[in-house]
There are 2 protein chains.
Amino acid sequence: MRDDHRTGTDPDAVTLGRIETEIALLMRLGEATRRATGTAEHRVLDRAAYVILRHLDKAGPQNVSALAARLNLDGSTVTRQVSALQRDGLIARTPDPADGRGTVISPTPAGLQRMAAVRAARTRLYGEILADWTGDDRDTLADLLHRLNEALDARNRRR
Amino acid sequence: MRDDHRTGTDPDAVTLGRIETEIALLMRLGEATRRATGTAEHRVLDRAAYVILRHLDKAGPQNVSALAARLNLDGSTVTRQVSALQRDGLIARTPDPADGRGTVISPTPAGLQRMAAVRAARTRLYGEILADWTGDDRDTLADLLHRLNEALDARNRRR
DNA sequence: CAGATTTACCTGTAAGATACAGCTATCTGT
DNA sequence: ACAGATAGCTGTATCTTACAGGTAAATCTG
């Protein structure tokens with residue numbers, strides 16, 4: 001199963017090569033899965049909208065810059081995405097009382113509901129996909145992914 | 001740390017919710033990382049080009065349709081990506097001797113070299129990011145990601 | 001084997017995500 | 001109070017991708 005013949009013989013490098021392979025694959029499969037799930041019947045939320053609503057739900061209302069920084073996106077990107085979300089009634093913009101330049105973005109009940117529906121659908125999907133995994137393996141996967149994300153995030157934030 | 005207050009109390013659902021969260025995050029961070037690494041100095045390979053070259057390297061020369069099916073992409077998408085790769089001298093098209101409609105896509109030495117360079121850079125990057133992980137944890141991560149991808153792929157392929 | 005169907009690939013068109021550059025309004029430190 | 005930083009927006013451009021429709025080749029069917 002190893003396809004790392006050109007990475008060298010260092011076992012550490014082999015493992016890192018495998019991780020690289022699997023993450024690249026996961027990105028592709030995740031995209032395909034998202035496309036297959038979301039777009040088909042629901043036409044509910046595009047990728048960015050979901051992430052923004054998730055973040056607003058978790059971290060509370062905040063302005064565009066904070067969102068952009070947190071999501072590693074350009075401010076202009078978030079501006080447009082927020083505009084679309086507002087058009088669809090999924091978030092609300094209010095002037096920031098503490099800063100005349102800023103606007104605070106909050107999810108609307110409709111937005112939270114839409115987000116929760118997508119989340120539930122995806123969670124259900126992972127339940128199907130991982131149906132034959134042990135609870136331990138699922139826990140370990142969740143833990144390791146969490147640590148991986150923390151490490152990636154720390155690295156991105158440092159640069 | 002749990003943010004699954006609205007997913008219910010079933011511990012299984014909690015874990016699945018965490019997995020969903022972490023995968024969504026990883027997709028975003030992975031994108032950001034790719035953008036930060038690849039585009040900056042090298043301007044080497046965009047995402048699709050890398051995936052196509054990886055696949056050609058692993059699975060051998062094949063035609064556009066096979067690539068599209070394997071990568072879960074529309075044929076027209078692969079056609080264009082292959083055209084760009086050909087323009088840049090990274091793949092070669094030859095008429096399929098067994099099928100007058102088809103063209104076989106093969107990586108060129110330049111393409112393989114470019115791909116290997118990106119791969120090495122990413123592997124190095126993961127080495128930095130996971131510098132303080134134990135070898136065991138890295139192995140486990142690689143294994144679980146592999147299994148996750150197999151499960152996702154099986155599911156995508158079934159539909 | 002002739003006509004119908006399927007397949008492989010390409011092109012036109014369109015949409016979404018994202019970045020960068022440049023603009024205005026506002027804020028902050030000295 | 002002014003210079004510089006910051007927040008957000010708009011214009012423009014690129015990349016990725018899909019769907020619809022077209023042509024040519026292969027395959028099936030009676």
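Order of the sequence lines fixes the chain letters, A, B, ..., with proteins taken first and strands second; residue numbering starts at 1 for each chain. These numbers were taken from a predicted model, which means no experiment stands behind them.
Among the nucleotides dT11(C), dC27(C), dA24(D), the one closest to any side-chain atom of Arg101(B) is dA24(D). Between dA8(C), dC19(D), dA21(C), one nucleotide has an atom nearer to the side chain of Asp74(B) than all others, and that is dC19(D).
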What's the verdict on side chain to side chain contact (heavy atoms under 4.5 Å, CB included) for Arg138(A) and Arg18(B), showing C-alpha distance, side-chain angles and the deciding distance?
CA-CA 10 Å; Arg138(A) 294 185 192 184; Arg18(B) 286 176 64 210; over 6 Å; no
Taking it one step at a time, do Glu20(A) and Arg54(B) satisfy salt bridge (charged side-chain N to carboxylate O under 4.0 Å, His left out)?
CA-CA 12 Å; Glu20(A) 193 275 333; Arg54(B) 287 282 316 252; 2.7 Å; yes
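Taking atom CD1 of residue Ile52(A) and atom P of nucleotide dA17(C), one finds them 9 Å apart after rounding to whole Å. Going from atom CG of Leu73(B) over to atom C1' of dA8(C) covers 16 Å, rounded to whole Å. Distance Asp99(A) CG to dT24(C) P: 19 Å, rounded to the nearest Å.
Between the side chains of Ser83(B) and Arg93(B), a donor-acceptor pair is found at a separation under 3.5 Å. Side-chain contact check for Asp74(A) and Ser76(A): at least one donor-acceptor pair (N or O, by modelled atom type) lies under 3.5 Å.
Judged by distance alone, with hydrogens and angles left aside, Ser65(B) brings no side-chain donor or acceptor close enough to the base of dC9(C) to form a pair under 3.5 Å.
Along DNA chain D, the nucleotide nearest to Val64(A) and the one nearest to Arg28(A) differ in position, and the one closer to the 5' end is contacted by Val64(A).
Computed from C1' positions of five pairs at each end, the angle between the two local axes of the helix from dC1(C)-dG30(D) to dT30(C)-dA1(D) equals 30°, rounded to 10 degrees.
Looking at heavy-atom distances under 4.0 Å, Asp96(A) makes no contact with the nucleic acid at all. Residue Gly102(A) is classed as a sugar-phosphate contact, given heavy-atom separations below 4.0 Å to backbone atoms only.
Ion pairing of Arg155(A) with Glu150(A) is absent here, as no side-chain N (NZ or NE/NH1/NH2) approaches a carboxylate O to less than 4.0 Å.
Remark: Arg122(B) is positioned above the aromatic ring of Tyr50(B), its terminal NZ or CZ atom under 6.0 angstrom from the ring centre and at most 45 degrees off the axis.
Taking every heavy atom of residues 77-84 of chain A and every atom of DNA chain C, pairs under 4.0 Å involve Thr77(A), Arg80(A), Gln81(A), by number.
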